[in-house]
Amino acid sequence: MTQALIAPSLLSADFARLGEEVRSVVAAGADWIHLDVMDNHFVPNLTFGPMVCQALRKYAVHADGSRVPIDVHLMVQPVDALARAFADAGADVITFHPEAGAHVDRTLQLIKAAGCKAGLVLNPSSPLDALEWELDQLDVVLIMSVNPGFGGQSFIPAALKKIERVRKMIEASGRDIRLEVDGGIKTGNIRAAHDAGADTFVAGSAIFGQSDYRSVIDAMRAEISRPAAT
Ligand code: DX5
Ligand code: ZN
């Protein structure tokens with residue numbers, strides 16, 4: 001079984017202390033740092049540019065000096081110029097929404113050529129069509145379980161069915177593709193997302209809304225690994 005990864009979303013961190021927040025959440029056990037990039041055009045909110053990603057890179061390291069991957073979720077339109085800029089700014093994973101790009105396959109190629117892992121993000125109402133033709137180009141599929149744009153929204157249960165379907169597609173492909181879920185993930189529902197087939201879990205408000213980040217991350221991992229109820 002693939003190792004489950006917890007990816008805290010900085011969208012709910014204290015923006016006045018972002019570097020410290022990254023350091024704290026890494027010390028608390030974060031596997032990836034999820035950076036939500038919003039352009040006030042594709043989504044109705046405005047967040048971080050590539051310079052912020054670059055500035056945060058030096059904080060996304062473990063005590064032994066090894067790096068914690070920065071997972072850039074692009075909610076921008078058009079995609080290509082910013083994908084390139086985030087790759088140059090030290091992103092490790094770059095995902096984008098297929099409806100935001102005119103030439104999805106070309107954008108995936110661009111991200112991979114820049115040395116990053118590439119992924120597609122599916123909104124709650126988005127069909128799986130893009131995956132059918134692009135699965136062999138993907139390192140990550142990100143299923144949105146809220147409508148993108150804001151943190152602190154409630155998990156949309158239909159996402160579980162979508163995760164199940166995408167898990168089957170990934171298994172059938174035989175490829176090593178992460179299945180990430182983003183939006184409304186809490187200690188109380190992470191197990192359902194895991195059981196549906198997700199292996200990478202974005203959580204913003206659930207983690208940064210508490211003072212003890214480690215206890216939330218530990219509780220999430222405990223949920224994922226507890227034996228199934230009989
Ligand atoms: C929403 C973002 C999510 C969001 C998750 O557009 O993509 O990453 O920050 O936040 P929570 O966990 O609070 O739903
Ligand atoms: Zn996100």
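Just so you know, ligand 1 is whichever comes first in the structure, and atom 1 is the first atom listed for that ligand. Quantities reported herein were computed from a predicted structural model and do not represent experimental measurements.
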Counting from 1, what ligand 1 atoms have a heavy atom of [X] closer than 4.0 Å?
| X | result |
| --- | --- |
| S9 | 8 (O), 9 (O) |
| G183 | 14 (O) |
| V202 | 8 (O) |
| M144 | 7 (O) |
| G151 | 10 (O), 13 (O) |
| H73 | 7 (O) |
| D182 | 2 (C), 3 (C), 4 (C), 5 (C), 7 (O), 8 (O) |
| P148 | 6 (O) |

Have [X] and [Y] got a donor and an acceptor in their side chains that come within less than 3.5 Å?
| X | Y | value |
| --- | --- | --- |
| Y59 | E20 | no |
| S66 | D64 | yes |
| S215 | Q210 | no |
| D36 | T47 | no |

**OP:** Determine, stepwise, if the pair D92 / R67 fulfils salt bridge (charged side-chain N to carboxylate O under 4.0 Å, His left out).
**Re:** CA-CA 10 Å; D92 297 277; R67 294 204 45 250; 3.0 Å; yes

Original post:
Parallel under 30°, tilted from 30 to 60°, perpendicular over 60°: which one fits the rings of F208 and Y213?
Top reply: perpendicular

Looking only at distances, can you tell me whether any N or O atom of [X], backbone or side chain, sits closer than 3.5 Å to an N or O atom of ligand 1?
| X | answer |
| --- | --- |
| G184 | yes |
| A203 | no |
| K186 | no |
| G152 | yes |

For [atom], which protein heavy atom lies nearest, and how many Å away is it?
| atom | value |
| --- | --- |
| atom 6 (O) of ligand 1 | G149 N, 2.8 Å |
| atom 13 (O) of ligand 1 | S205 OG, 2.6 Å |
| atom 2 (C) of ligand 1 | D36 OD1, 3.4 Å |
| atom 1 (C) of ligand 1 | F150 O, 3.6 Å |
| atom 12 (O) of ligand 1 | G204 N, 2.8 Å |

**OP:** Count the heavy atoms belonging to other residues, nucleotides or ligands that lie under 6.0 Å from CG of D176, then report whether that count exceeds 12.
**Re:** no

Original post:
Can you tell me if CZ on R106 sees more than 12 non-hydrogen neighbours from other groups inside 6.0 Å?
Top reply: no

Subject >> the Zn ion (ligand 2): angle it makes with ND1 (H73) and OD1 (D36), nearest 10 degrees >> reply: 90°

**OP:** Of all N, O or S atoms in D182, identify the one at the shortest distance from the Zn ion (ligand 2).
**Re:**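 Sorting the N, O and S atoms of D182 by distance to the Zn ion (ligand 2) puts OD2 first.
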
Subject >> Atom nearest to the Zn ion (ligand 2) - H34, N, O or S atoms considered >> reply: NE2

Original post:
Any link between L179 and L142 through a network of hydrophobic side chains (Ile, Leu, Val, Met, Phe, Trp, Tyr) touching at under 4.5 Å?
Top reply: no

**OP:** Check A203 against M220 and note the closest heavy-atom contact, atom names and distance.
**Re:**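 Taking A203 first and M220 second, the nearest heavy atoms are CB-CE, 3.7 Å.
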
Original post:
How far apart are the closest heavy atoms of G184 and N189, and which atoms are they?
Top reply: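 Result for this residue pair: O-ND2, 2.8 Å.
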
Original post:
Hey, does L74 have a side-chain heavy atom less than 4.5 Å from the side chain of V79?
Top reply: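 When only atoms from C-beta onward are counted, L74 and V79 do touch, with a gap below 4.5 Å.
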
